[in-house]
Amino acid sequence: MDNNTNGKLLEVKGLKLHFPYTSGSLWAKKRGFIYAVDGIDFYIKKGETLGLVGESGCGKSSTLRAVAQLHKPTAGSVLLKGQELTTASSKALMEARKDMQIVFQDPYASLNPRMTTRDIISESMKIFTKAGILSLSKTEMDERVEQLMERVGLSRFFKNRYPHEFSGGQRQRIGIARALALKPELMLCDEPVSALDVSIQSQILNLFKDLQEEFELTYMFIAHDLAVIQYISNRIAVMYLGVICELSNSAELYEKPLHPYTQALLSAAPIPDPVVERKRQRIILSGDVPSPDQQRPGCYFYDRCSKRMDKCKNHFPKLKDAGGGHLVACFLYHEPD
Amino acid sequence: MTNDVILQVKDLKVYFKLDEGLLKAVDGVSFELKKGEVLGIVGESGSGKSVTNLALMKLIPTPPGKIAGGEVFFDNKDILSMNPAEIMDLRGNKISMIFQDPMTSLNPFLRISTQMVETIVLHQKLDKKAAKEKAIEMLKLAGIPAPEKRIDQYPHQFSGGMRQRVMIAMALSCEPEILIADEPTTALDVTIQAQILELIKELSARLGTAVILITHSLGVVAGMCDAICVMYAGRIVEKGSAEEIFADPKHPYTQGLIKSVPRLDKTSSQRLYSIPGQPPNVIKMPDCCPFFPRCEKVMDICKTKYPPVTDLGQNRNVACWLYGEGK
């Protein structure tokens, strides 16, 4: 790795992703934007897991897609191993994608029902061989498919089966094997366990941890379940309406959440223990998450915050260090510029 | 049947005839619901928790489904042998339901007022004007701001959490004795989930409604329920009060389930426990313990015979050969 990246495998600076929308039917008139991701900065060091957590519509998946260049970011830069991706040529981007693979949420929708397991897992190897980036023979690919299947906990004898012959958990294993096929360094995991049952979820989480150790993988891991994120991540970024409102290492975040939104989110998450549950004081947030179709001058959480102050209304809090690398975007901890 | 038991389910069986064979979705489920109690039914997908509750209201699509046996006593009457008119009088009136996805359970073509007034007029014998007032009052109780205006809107004008509030208002508008909530918060975000659970808890306590809460989330049952039934492959494997089940789970499946959920309040870098294997295919299930291929404490007898239900006292039941006379 280059020396100038400081061990940062991925670095994202000022990332924005705005989706234009039109209103009206045939002759669309008003145009506006959905501010899905609205200026975020973070980095991921090699071998660590960064968790992204937040409610639906907060921009977690959009961030992931913008990092993978599946949506061209509106602004900002994405550096993978020091290489800028937003301006990269399509050939350079393809080579970069070899190091950056995605595991999707829905194991039913993300596997082509007409392809066998072998075809699904080997497809990327075929494409990269054809493009001249890899040079694998058919037997090498077959061997690799079998190795991968055994590694993720599937029998090699299932390689000619179709996705519908597998259960949800097994399908997610296929999805993971597919992502591993190109030996990536960075895995972008978009809610990979939320569609799974409790007993299967822990199997897959453990598989992710084992693979990380074995192949020195780096994860960007999205989930809406706070307990899952805490279990898997070294550092966690909490997102709200397209911005990061708190970023810290996971133990610190759970012990000492600073942002009022993080506090509410943690207190709303149920804990599977009736004794603990009965003693807990909940912060119940009022209202829903506002629509991300307008930019606000002040703090995005202003409308729902229980600790709001006058200055929050018209000043936007930046993400700043509140001590010990614990970043928070809230005027309770620093003054407006 | 003692006085405070309002619903008694005895040996309920629901089978589906499929091309692949006979699917025993629910195979001998028994439980009781007390007045004002919140009963949680926990299980993974395919364990039969939703089918059990559809059967309570005789909502099993027939064919392919069939209620193959059992009795459900409500008000000293067996629901399963009621005629359609009697059932109509029960549904939405004495027993009502909230479903997982509020968008698909509300009719997108009708205003909220139309949908709510319909139920109230049918069951409470009120005229339309009084019914609408009642509906507005219920929406207000369910925490919908400006209910007089909102009631004339369509479902798509509400957010997910708001729609679920409408569903709750609708379900409780006839002051039912039992509310069946089938995964009411699964489609919602954490902060909205907390709001909705709080609302169900508060309203059911205020109106004295007993609640059957179906969920796969152990966190939700821990916070909400008095008693819990754990289902696996169409049967209840363990029953008891919430505190006892979480503090001292008896069935190896319950033990595994509780250990395999990551917990927010316990930071540990330790590996998560996981139950090996896959949930069983319930088609053509032999009459053995369905959990034995995944069980750590499996014995020879588990592979040949289904364990009887052992009463451990204090309303604790478990169906496992580790306990009782099979030991």
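First the proteins, then the strands, lettered A, B, ... as listed; each starts at 1. We use all heavy atoms of the structure for the numbers below, so side chains are in, but hydrogens, waters and symmetry mates are not.
Proximity to chain A involves both the backbone and the side chain of Glu44(B), based on heavy atoms less than 4.5 angstrom apart. Contact annotation for Ile271(A): both backbone and side-chain heavy atoms come within less than 4.5 Å of a heavy atom of chain B. Only the side chain of Glu198(B) has a heavy atom closer than 4.5 Å to any heavy atom of chain A. Interface residue Pro276(B): only backbone heavy atoms are found under 4.5 Å from chain A. If you measure heavy-atom distances from Tyr273(B) to chain A, the contacts under 4.5 Å come from the backbone alone. Contact of Leu266(A) with chain B is made through backbone and side chain together, with heavy-atom distances under 4.5 Å.
Annotation: cation-pi pair Arg171(A)/Phe166(A) absent, no NZ/CZ under 6.0 Å from the ring centroid and within 45° of its normal.
Interface remark: of the candidates His224(A), Gln201(A), Arg282(A), Arg278(A), Arg278(A) forms the most heavy-atom pairs closer than 4.5 Å to chain B. Listed options Ser202(A), Ala268(A), Gly169(A) were ranked by heavy-atom pairs under 4.5 angstrom with chain B; first place goes to Ser202(A). Most heavy-atom pairs under 4.5 Å with chain A, from the set Ala247(B), Ser159(B), Gly161(B): that is Ser159(B). Heavy-atom pairs under 4.5 Å with chain B peak, among Ser167(A), Pro270(A), Pro272(A), at Pro272(A). The greatest number of non-hydrogen atom pairs below 4.5 Å with chain B, out of Leu285(A), Val276(A), Asn206(A), is found for Asn206(A).
More than 12 heavy atoms of other residues, nucleotides or ligands sit less than 6.0 Å from atom CD of Glu214(A).
Between the side chains of Gln153(B) and Arg150(B), at least one donor-acceptor pair of N or O atoms lies under 3.5 Å.
Using a cutoff of 4.0 Å between basic side-chain nitrogens and carboxylate oxygens, Asp38(A) and Arg296(A) are not scored as salt-bridged. A salt bridge between Asp226(B) and Lys34(B) is absent, with no side-chain N of the basic residue lying under 4.0 Å from a carboxylate O of the acidic one. Taking a cutoff of 4.0 Å between a charged side-chain nitrogen and a carboxylate oxygen, Arg235(A) and Glu48(A) qualify as a salt bridge.
When side chains are defined from C-beta on, Arg294(B) counts as touching Ser199(A), because their heavy atoms get closer than 4.5 Å.
Side-chain atoms of His164(A) do not come within 3.5 Å of backbone N or O of Pro113(A) as any donor-acceptor pair.
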